[in-house]
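Worth knowing before you read on, the calculation uses all heavy atoms, side chains too, and leaves out hydrogens, waters and symmetry mates.
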Amino acid sequence: YSPYHMLGSSLATCTWSVLASWAQQAGLSTGDLAIEVRWSFVDDPHRVGSITLTFFWESLPEVRRQAAQRAARLCPIHHTLSVPPEITIEVGS
């Protein structure tokens with residue numbers, strides 16, 4: 001379980017929780033909601049260059065798909081990755 005897996009897991013967990021909250025308000029079941037996260041690397045410096053999150057939700061009515069996609073974009077981890085924070089690294093005493 002690498003740091004990259006932790007990054008993907010945080011995005012998937014956040015997205016799932018946002019979708020579950022939205023589904024509860026919409027009266028939809030999340031029993032078959034699954035999320036897959038894939039990433040690819042770039043160099044100079046070596047890092048994640050792109051992330052694709054796909055959610056699978058067989059019971060989601062077709063008329064709710066676009067709304068669910070909009071809801072998924074409300075994940076705060078998604079926002080954080082889209083507009084990166086300033087990061088400071090310090091050594092404590």
Do [X] and [Y] share a hydrophobic cluster, counting only Ile, Leu, Val, Met, Phe, Trp and Tyr and linking them when any side-chain heavy atoms are less than 4.5 Å apart?
{"X": "Leu11", "Y": "Leu33", "result": "yes"}
{"X": "Trp39", "Y": "Val42", "result": "no"}
{"X": "Ile51", "Y": "Ile77", "result": "yes"}
{"X": "Val18", "Y": "Leu7", "result": "no"}

Output all residues satisfying side-chain contact (heavy atoms from CB on, under 4.5 Å) with Arg38, sequence neighbours left out; order by chain, then residue number.
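Testing Arg38 for side-chain contact (heavy atoms from CB on, under 4.5 Å), a comparison that skips the adjacent residues, returns Glu36.
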Only pairs under 3.5 Å count here: list side-chain donor-acceptor contacts from residues 59-75, not counting sequence neighbours, and write none if there are none.
unit_1, atom_1, unit_2, atom_2, d
Ser59, OG, Asp32, OD1, 2.8
Ser59, OG, Asp32, OD2, 3.2

Give, for atom CG of Leu19 and atom CD1 of Ile35, the distance between the pair rounded to the nearest 0.5 Å.
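Answer rounded to 0.5 Å: 5.5 Å.
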side-chain hydrogen bond (donor to acceptor under 3.5 Å, both in side chains) contacts in which one or both residues fall within residues 7-31, not counting sequence neighbours
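As it turns out, the side-chain hydrogen bond (donor to acceptor under 3.5 Å, both in side chains) pairs with a partner in residues 7-31, which skip direct neighbours, are Tyr1-Ser9.
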Qualifying side-chain hydrogen bond (donor to acceptor under 3.5 Å, both in side chains) pairs with a residue from residues 41-55, counting only residues at least two apart or across chains:
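Counting only pairs at least two positions apart or across chains, the side-chain hydrogen bond (donor to acceptor under 3.5 Å, both in side chains) contacts touching residues 41-55 are Ser40-Ser50, Asp43-His46.
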Sequence-distant partners of Phe56, ring-ring contact (aromatic ring centres under 6.0 Å, His included), two or more places apart:
none
Pairs under 3.5 angstrom only: tabulate donor-acceptor contacts from the side chains of residues 81-91 to other protein residues two or more places apart or in another chain.
unit_1, atom_1, unit_2, atom_2, d
Ser82, OG, His78, O, 2.9
Ser82, OG, His78, NE2, 3.4

